[in-house]
Amino acid sequence: MKAMFAGSFNPPTLGHLDLLQRAAGMFDQVVVAVLGQPEKRYALSLEARADMLRRVTRHLSNVEVVFSAGMLTDLARDLGVDVVLRGVRNSADLPLEMQLANAYRTLGGLETLMMSCSPQYCMLSSTIVRDCAMHGAPLDAMVPRELMDEIYAAYGNTPNAERKC
């Protein structure tokens, strides 16, 4: 079975990587779809975010990373995806995830599997990572180590070990 884990990954976090590693053990193939919306501004391009994810998932032989500015349902159909994976951190995520699941089913005939995040990542978001990176706060517990310098640079900063988020 082929699954798709889609998001902006702006930037990728340890929570994203945790879900990907768990999904890779559950499915024959996992497509990571880095999506972007033309009307939004990103500090990291689609290509850069996809490259970051390729690097941190290179040890997962059944994971493929793609990027698109189109609709998830069109991409899933083109790639022969069976199910969409969504991460749920807490109850606040659930209403939006339910809306998305219904849209994916209506527009693309896709089922959605919602995976709960691991407890250590339930309060982590790309928004928090971006804010910390902009202020030079430590990212050690938030993003893969090999991406830290690149994330700091994208937000015009360098790490400051004495600062806290």
Kindly compute the distance separating [atom1] ([X]) from [atom2] ([Y]), expressed to the nearest 0.5 Å.
X      : Y      : atom1 : atom2 : answer
Leu35  : Leu46  : CG    : CG    : 8.0 Å
Leu124 : Thr13  : CG    : OG1   : 4.5 Å
Arg89  : Ser118 : CZ    : OG    : 13.5 Å
Asp82  : Met1   : CG    : CE    : 5.0 Å

Are [X] and [Y] packed together at the side-chain level, in the sense that at least one heavy-atom pair is separated by less than 4.5 angstrom?
X      : Y      : value
Met4   : Leu75  : yes
Arg54  : Val32  : no
Met148 : Ile151 : no
Val34  : Met52  : no
Ser126 : His16  : yes
Phe27  : Leu113 : yes
Glu111 : Arg105 : yes
Met114 : Met98  : yes

Check [X] against [Y] and note the closest heavy-atom contact, atom names and distance.
X      : Y      : answer
Arg130 : Pro11  : CG-CD, 3.7 Å
Tyr152 : Pro138 : OH-CA, 3.5 Å
Ala133 : Tyr155 : CB-CD1, 3.9 Å
Leu20  : Val30  : CD2-CG1, 4.0 Å
Gly15  : Tyr121 : CA-CG, 3.8 Å
Asp93  : Gly87  : OD2-O, 4.5 Å

### Query
Which is it for Asn102 and Gln99 under the side-chain contact (heavy atoms from CB on, under 4.5 Å) test, yes or no, and what are the steps along the way?
CA-CA 5 Å; Asn102 288 327; Gln99 283 182 323; 5.9 Å; no
State plainly whether one hydrophobic cluster holds both [X] and [Y], where clusters connect Ile, Leu, Val, Met, Phe, Trp and Tyr through side-chain heavy atoms under 4.5 angstrom apart.
X      : Y     : answer
Val66  : Leu53 : no
Val65  : Val84 : no
Val31  : Val83 : no
Leu44  : Phe5  : yes
Leu110 : Met26 : no

#### Entry: CG (Asp149) with more than 12 external heavy atoms under 6.0 Å
no
### Message
Could you go through Leu14 and Gln120, starting from their C-alpha distance and side-chain angles, then the distance that decides it, and tell me whether this counts as side-chain contact (heavy atoms from CB on, under 4.5 Å)?
### Response
CA-CA 10 Å; Leu14 289 173; Gln120 66 269 34; over 6 Å; no
### Task
Give the C-alpha distance, both sets of side-chain angles, the deciding distance and a yes or no for side-chain contact (heavy atoms from CB on, under 4.5 Å) between Arg55 and Leu147.
CA-CA 9 Å; Arg55 284 185 275 140; Leu147 303 182; 3.9 Å; yes
[X] side chain to [Y] backbone, donor-acceptor under 3.5 Å:
X     : Y     : value
Arg49 : Ser8  : yes
Arg22 : Leu19 : no
Thr57 : Leu60 : no

### Query
Any Lys/Arg nitrogen of Lys2 or Asp28 sitting under 4.0 Å from an Asp/Glu carboxylate oxygen of the other?
no
